J.: 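This is the structure I have questions about; it appears just below.
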Amino acid sequence: MPNAIVTAGDSGIGKATAVLLAQQGFDVGLTWHSDEAGAAGTAEEVRAAGRRAEVAHLDLGDASSGAGVVGSLADALGGLDAFVNNAGTGDSTAFLEVELAKWRHVLEVDLTGAFVCAQEAARRMVAGGRGGRIVNVTSVHEHVPLKGSSAYCAAKGGLGLLTKVMALELAEHGIRVNAVAPGEIATPMTGNEDVDPATVDRPSIPLGRPGDAWEMARVIAFLCGDGAGYVTGSSFVADGGLLLMAAVQD
């Protein structure tokens with residue numbers, strides 16, 4: 001049976017992805033940072049789908065811890081076929097006010113931590129000799145800036161280009177690497193946890209609402225599956241059409 005690891009699988013996009021991958025036949029390893037109960041709930045749903053779940057704590061505030069956690073989960077699962085780099089943090093501070101410590105923390109988690117985890121996942125896949133799939137969850141702000149989010153945008157932009165380098169170098173090992181770039185999604189990170197996105201009015205988004213975590217999970221699961229067998233080095237924007245608004249004239 002295939003095995004997958006999803007970081008930050010305790011809530012939001014990570015939880016939906018872990019459960020959906022289980023429903024599609026993957027045994028799943030998942031990590032949590034601050035919500036151990038949430039991770040336990042995700043694991044229960046994975047097991048309810050008839051698949052095995054392994055859970056580990058991961059704090060990418062110290063990115064060097066990432067490789068050990070990913071490696072331990074891969075060992076517990078008995079190999080690694082898909083890895084979803086979902087853990088991240090954000091910041092909303094004007095550029096002139098960003099303190100160096102905050103800048104370093106955001107890049108440590110969102111870029112360096114993602115690099116360390118993906119590198120270990122890729123090394124496990126190469127050693128396993130059966131290829132693999134890596135999905136880096138970036139943001140629509142991989143592609144477009146956001147006022148007051150210099151560190152976040154720098155990190156996500158960096159992760160987007162790292163995705164392409166990984167895809168280029170890992171193709172010879174049968175490993176496909178892609179990014180998913182969500183727009184506003186109804187998750188704890190955006191303050192809309194447990195909210196029906198259809199009830200939230202967003203006139204600045206062509207589809208008129210935020211996205212749902214399950215909508216992101218379906219894109220990620222597609223990239224982890226055989227249907228995306230000829231896709232690598234791409235960034236899949238799932239933003240309800242937000243990027244199109246640059247073309248709208250008042």
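Predicted, not measured: the structure shown is a model, and the values here were computed from it. All residue numbers refer to positions in the sequence shown, counting from 1.
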J.: Does R47 have any salt bridge (Lys or Arg N to Asp or Glu O under 4.0 Å) partners at least two apart in sequence or in another chain, and if so, which?
T.: none
J.: List for me each residue that meets side-chain contact (heavy atoms from CB on, under 4.5 Å) alongside L100, sequence neighbours excluded, and say none if there are none.
T.: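 Per chain and number, L100 pairs via side-chain contact (heavy atoms from CB on, under 4.5 Å) with W103, R104.
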J.: Who passes side-chain contact (heavy atoms from CB on, under 4.5 Å) against E120, sequence neighbours left out?
T.: A67, V70, R123, R124
J.: Quick one, D110 with S139, criterion side-chain contact (heavy atoms from CB on, under 4.5 Å). Give me CA distance, side-chain angles, the key distance, then yes/no.
T.: CA-CA 11 Å; D110 288 358; S139 164; over 6 Å; no
J.: Is there a path of hydrophobic side-chain contacts, each under 4.5 Å between heavy atoms, that joins V177 and V84?
T.: no
J.: Could you give the side-chain donor-acceptor pairs of residues 143-150 under 3.5 Å, partners two or more places apart or in another chain?
T.:
unit_1, atom_1, unit_2, atom_2, d
H143, NE2, S235, OG, 2.9
S149, OG, D91, O, 3.3

J.: Go through the structure and list residues passing side-chain contact (heavy atoms from CB on, under 4.5 Å) with S234, not counting sequence neighbours.
T.: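 Here the qualifying residues are N178, V231, F236.
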J.: Check residues 161-175 and write down every donor-acceptor pair under 3.5 Å in which the side-chain atom is one partner and the other belongs to a residue at least two apart or another chain.
T.:
unit_1, atom_1, unit_2, atom_2, d
T163, OG1, N136, ND2, 2.9
T163, OG1, L159, O, 2.8
K164, NZ, G233, O, 3.0

J.: Kindly determine whether L21 and V6 satisfy side-chain contact (heavy atoms from CB on, under 4.5 Å), including the steps that lead there.
T.: CA-CA 10 Å; L21 288 175; V6 181; 4.0 Å; yes
J.: Taking only residues two or more places apart in sequence, or in another chain, which ones meet K15 in a salt bridge (Lys or Arg N to Asp or Glu O under 4.0 Å)?
T.: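 With sequence neighbours excluded, K15 shows a salt bridge (Lys or Arg N to Asp or Glu O under 4.0 Å) to E45, given in chain and number order.
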J.: For residues 219-228, run the donor-acceptor check on the side chains, cut-off 3.5 Å, and write out each pair with its distance to 0.1 Å, sequence neighbours left out.
T.:
none

J.: Only counting residues at least two apart or in another chain, list the ones meeting side-chain hydrogen bond (donor to acceptor under 3.5 Å, both in side chains) with T138.
T.: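 If we apply the side-chain hydrogen bond (donor to acceptor under 3.5 Å, both in side chains) test to T138, skipping adjacent residues, the hits are E142.
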J.: Given the rule in the side-chain contact (heavy atoms from CB on, under 4.5 Å) test, do Q23 and R51 qualify, once you have shown the distances and angles that lead to the verdict?
T.: CA-CA 8 Å; Q23 292 172 350; R51 307 312 313 162; over 6 Å; no
J.: Identify, with sequence neighbours excluded, every residue that meets side-chain contact (heavy atoms from CB on, under 4.5 Å) alongside E215.
T.: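 Here the qualifying residues are R209, D212, R218.
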J.: Please name all residues satisfying ring pair (Phe, Tyr, Trp, His ring centres under 6.0 Å) with H57, sequence neighbours left out, ordered by chain then number.
T.: W32
J.: Applying salt bridge (Lys or Arg N to Asp or Glu O under 4.0 Å), can you list everything that pairs with D81, at least two apart in sequence or on another chain?
T.: R130
